[in-house]
A.B. asks: 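Next up is a structure, given as structure tokens.
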Amino acid sequence: MAGGGILGTWHALELSRAGYTVAHLEADAAPQGASVRNFGLIWVSGRRTGVELETALRARQRWEEVGATIPGIGFRPSGSLTLATSDGERKVMEEFAAHPDAAARSITYVDPDEVVTINPAVLGEVFGGLYCTDDAVVEPRRALGALREYLSGPSGPSGPSGPSSPGSYAFHSGRRVHGVEDHALVDTAGTRWEGDLIVLATGAGFDQLPGTERVAARVRRVRLQMLETEPYAGELTTALADADTMRYYPAYEVVSQDLLGQQSPVAAAHHLQLLLVQRADGGLTIGDTHAYDEPFDFALVEDPTLELLDRAERLLGAALPPVARRWEGVYAQCTDGAVCAREELAPDVWLVTAPGGRGMTCSPAIAADTLVAAGVG
Ligand SMILES: Cc1cc2nc3c(=O)[nH]c(=O)nc-3n(C[C@H](O)[C@H](O)[C@H](O)COP(=O)(O)OP(=O)(O)OC[C@H]3O[C@@H](n4cnc5c(N)ncnc54)[C@H](O)[C@@H]3O)c2cc1C
């Protein structure tokens, strides 16, 4: 197993449960990729009808199961509110809520009074919203470590209280894979790692190994900007989104979006939407922007940050605490609409990558599907 992000870690867990002894290689001293830079949203609401939604629902169930066993993941089934700040946005939301696709995602329309009942921290002027009870949150900067600890520990899959014949697990940081052979990987130190089944989950580095050209032809990188505030005094009982998310998430393609009106110039230039999640320590994770053309800017730019902060303050109807940190993140995404790219590069060596902006959500189900594709699940 190579790649210490969420996709690699869920594969390690499923392989261990299936009885494999797992050696888990990570290039860096600790995983620093998209999996620790995201919102931690287990986001069912925006998923495209069909295999994408089905994958997300399966994965969400698995997150909940494992979250109950591993509190360190910080799983919270808190749901989400997507909020309207104009009459046009409210009408689009009401139309979506009346569509059968809304019920498939546990989404209902709620009026402004109900919004405040569900999430008393929303004190700004809102016209209504979509309430999704299936959406959930995990703590992205703690989840990987918590899963690895579980895998290695006495009460995890390798211990006596795990599944019937689980395999043992060892994490090896600082091991960068650069060669792929039949049933084996070779790292830059020259160590050859043999296995009955090998999975490469190298995230946005999908094109840095030999034999990955076919996958690279149907995958692109996307760069996002994010920020986090100091702890917020109030408690947010749900994640929040604004109506611009309806422009990006495929679930909403079933309704006409004309009434959403024009995006602001900053939002249009940066493909911006507001997503807001309260962390377990009270800080607010706020994003995001999307850039699709490489080479990406190396700098974090201020215009979208200010717009996001302004939008968040308007929804909460309160001043935000100071920004504590800003960062960028890059994920890999299939350009053909597939949930992920999964290809056998050499006998029993699989590359699995590019779950896009839904990778934190879908990783458990993607990992289970890899075992099926490899004929062992
Ligand atoms: C800012 C941001 C916000 C997001 N928000 C959400 C969200 O809220 N919900 C959601 O569902 N999804 C979200 N996503 C998407 C999600 O984070 C990604 O799809 C997911 O984390 C991808 O996981 P991964 O394991 O494939 O990649 P990564 O997390 O990038 O992990 C890949 C790992 O492989 C290692 N690696 C690379 N090359 C090698 C090599 N040659 N040898 C060994 N190791 C190697 C890297 O060091 C890295 O640790 C977001 C993404 C970003 C960037």
Side-chain angles (χ1 to χ4, degrees), residues 1-12 23-47 52 55-56 59-60 63 80 135-141 143-144 147 171-180 185-189 191 193 198-210 212 219 221-228 239 241 245 249 273 275-277 285-291 296 326-334 339-342 351-367:
M1 182 65 248
I6 197 61
L7 203 48
T9 304
W10 267 104
H11 277 85
H24 192 181
L25 313 183
E26 163 56 42
D28 291 335
Q32 302 279 332
S35 305
V36 297
R37 296 170 185 238
N38 63 43
F39 294 94
L41 285 169
I42 307 306
W43 200 248
V44 170
S45 51
R47 307 278 73 101
E52 183 178 319
T55 305
R60 192 229 180 262
W63 271 116
S80 73
D135 285 340
V137 177
V138 297
E139 289 300 304
R141 294 194 293 273
L144 297 177
L147 285 164
F171 184 67
H172 304 274
S173 58
R175 293 284 187 170
R176 182 173 292 278
V177 171
H178 80 141
V180 175
L185 300 178
V186 182
D187 68 28
T188 49
T191 307
W193 301 81
I198 294 173
V199 179
L200 288 155
T202 50
F206 56 85
D207 51 357
Q208 292 167 7
L209 289 169
T212 53
V219 171
R221 275 174 277 267
V222 181
R223 176 191 183 263
L224 291 74
Q225 275 194 206
M226 305 277 285
L227 63 96
E228 198 163 297
T245 58
Y249 287 116
Q273 62 183 357
L275 290 169
L276 191 160
V277 184
T285 305
I286 297 174
D288 56 14
T289 61
H290 299 89
F296 297 130
R326 298 167 201 231
W327 66 94
E328 63 166 8
V330 176
Y331 62 68
Q333 177 186 53
C334 290
V339 169
C340 69
R342 182 185 291 108
L351 173 64
V352 186
T353 185
R358 56 194 167 219
M360 200 67 177
T361 304
C362 294
S363 288
I366 291 173

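We count ligands from 1, going down the list as the structure has it; atoms in each ligand are counted the same way. For clarity, every value in this text was computed on a predicted model and none was experimentally measured.
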A.B. asks: With a 4.0 Å cut-off on heavy atoms, does Y331 reach ligand 1?
C.D. replies: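 It does; at least one heavy atom falls under 4.0 Å.
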A.B. asks: Taking 4.0 angstrom as the limit, do D288 and R37 come out as a salt bridge?
C.D. replies: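 No, this pair does not count.
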A.B. asks: Counting only heavy atoms, which portion of S35 has something under 4.0 Å from ligand 1: side chain, backbone, both, or neither?
C.D. replies: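 Near ligand 1, S35 shows its backbone as well as its side chain.
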A.B. asks: List ligand 1 atoms under 4.0 Å from L7, heavy atoms only on the residue side.
C.D. replies: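 In order of number, 24 (P), 25 (O), 26 (O).
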A.B. asks: For D28, take its heavy atoms, then give the atoms of ligand 1 lying under 4.0 Å from any of them.
C.D. replies: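 Here the atoms of ligand 1 in question are 47 (O).
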A.B. asks: Counting from 1, what ligand 1 atoms have a heavy atom of G329 closer than 4.0 Å?
C.D. replies: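 Result: 53 (C).
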A.B. asks: Report, in ascending order of atom number, the atoms of ligand 1 lying under 4.0 Å from any heavy atom of L41.
C.D. replies: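 Near L41, the atoms of ligand 1 are 7 (C), 8 (O), 9 (N), 10 (C), 11 (O).
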A.B. asks: Give me the nearest non-hydrogen protein atom to atom 12 (N) of ligand 1 as residue plus atom name, then the distance to 0.1 Å.
C.D. replies: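 Protein heavy atom at minimum distance: G357 O, 3.0 Å.
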A.B. asks: Looking only at protein heavy atoms, which one is nearest to atom 31 (O) of ligand 1, and what is the separation?
C.D. replies: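 The protein heavy atom lying closest is G5 CA, 3.4 Å.
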A.B. asks: In terms of residue, atom name and distance, what is the protein heavy atom nearest to atom 50 (C) of ligand 1?
C.D. replies: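 Scanning the protein heavy atoms, the shortest distance from atom 50 (C) of ligand 1 goes to N38 CB, 3.4 Å.
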A.B. asks: When you measure from atom 45 (C) of ligand 1 to every protein heavy atom, which one gives the shortest distance, and what is it?
C.D. replies: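 Looking only at protein heavy atoms, the one closest to atom 45 (C) of ligand 1 is A27 CB, 3.6 Å.
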A.B. asks: Below 4.0 Å from any atom of ligand 1, is there a heavy atom belonging to I6?
C.D. replies: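 Yes, that is the case, since the closest heavy atom of the residue is under 4.0 Å from the ligand.
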A.B. asks: Using a 4.0 Å cut-off to any heavy atom of R176, which atoms of ligand 1 qualify?
C.D. replies: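 Counting from 1, the qualifying ligand atoms are 41 (N), 42 (N).
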A.B. asks: Can you spot which of C362, P364, C340 makes a side-chain contact (heavy atoms from CB on, under 4.5 Å) with T55?
C.D. replies: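 Among C362, P364, C340, the one that satisfies the side-chain contact (heavy atoms from CB on, under 4.5 Å) with T55 is C362.
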A.B. asks: Does some non-hydrogen atom of V330 fall short of 4.0 Å from ligand 1?
C.D. replies: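 It does; at least one heavy atom falls under 4.0 Å.
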A.B. asks: Using a plain distance cutoff, I'd like to know if G356 has any nitrogen or oxygen under 3.5 Å from a nitrogen or oxygen of ligand 1.
C.D. replies: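 Yes, there is a polar N/O contact under 3.5 Å.
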A.B. asks: At under 4.0 Å between heavy atoms, which part of R175 makes contact with ligand 1: side chain, backbone, both or neither?
C.D. replies: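 The backbone, only.
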A.B. asks: Using the ring of each side chain (for Trp, its six-membered ring), is H172 parallel, tilted or perpendicular to W193, with breaks at 30° and 60°?
C.D. replies: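 Taking W193 first and then H172, their aromatic rings sit tilted (interplane angle of 30° to 60°).
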A.B. asks: Tell me which part of T202 gets within contact of ligand 1: side chain, backbone, both or neither, using heavy atoms under 4.0 Å.
C.D. replies: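 The answer is both, backbone and side chain.
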A.B. asks: So is G203 touching ligand 1 or not, going by heavy atoms under 4.0 Å?
C.D. replies: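 The answer is yes, since G203 has a heavy atom less than 4.0 Å from ligand 1.
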A.B. asks: For ligand 1, which atoms, with element, lie under 4.0 Å from some heavy atom of P31?
C.D. replies: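 So the answer, numbered in order with elements, is 49 (O).
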A.B. asks: Any donor-acceptor pair under 3.5 Å linking the side chain of D187 with the backbone of R175?
C.D. replies: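 Absent.
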A.B. asks: Give the residue, atom name and distance (to 0.1 Å) of the protein heavy atom nearest atom 47 (O) of ligand 1.
C.D. replies: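 Ranked first by proximity to atom 47 (O) of ligand 1 is E26 OE2, 2.6 Å.
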A.B. asks: Heavy-atom distances under 4.0 Å decide this one: backbone, side chain, both or neither, for M360 against ligand 1?
C.D. replies: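 It is both backbone and side chain that touch ligand 1.
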A.B. asks: Counting both backbone and side chain atoms, is some N or O of T361 under 3.5 Å from an N or O of ligand 1?
C.D. replies: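 Yes; at least one N/O pair falls below 3.5 Å.
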A.B. asks: Working to the nearest 0.5 Å, report the span between CZ of F171 and CG of L144.
C.D. replies: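 Going from CZ on F171 over to CG on L144, the span is 8.0 Å.
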A.B. asks: Please check this pair: side chain of T361 against backbone of W43, looking for a donor-acceptor N/O pair closer than 3.5 Å.
C.D. replies: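 Looks like yes, one N/O pair under 3.5 Å.
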A.B. asks: What is the closest protein heavy atom to atom 41 (N) of ligand 1, and at what distance does it sit?
C.D. replies: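 Result: V177 O, 2.9 Å.
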A.B. asks: For ligand 1, which atoms sit closer than 4.0 Å to a heavy atom of R358?
C.D. replies: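 Near R358, meaning under 4.0 Å from one of its heavy atoms, ligand 1 has 10 (C), 11 (O), 12 (N).
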A.B. asks: For G33, counting its heavy atoms only, list the atoms of ligand 1 lying under 4.0 Å from any of them.
C.D. replies: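 This gives 29 (O), 30 (O) as the contact atoms.
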A.B. asks: Among all protein heavy atoms, pick out the one at the shortest distance from atom 34 (O) of ligand 1; state its residue, atom name and that distance to 0.1 Å.
C.D. replies: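 Of the protein heavy atoms, G3 CA, 3.3 Å lies nearest.
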A.B. asks: Between ligand 1 and H178, can you find any atom pair, the residue atom being a heavy atom, that is separated by under 4.0 Å?
C.D. replies: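 It does not; every heavy atom stays at 4.0 Å or beyond.
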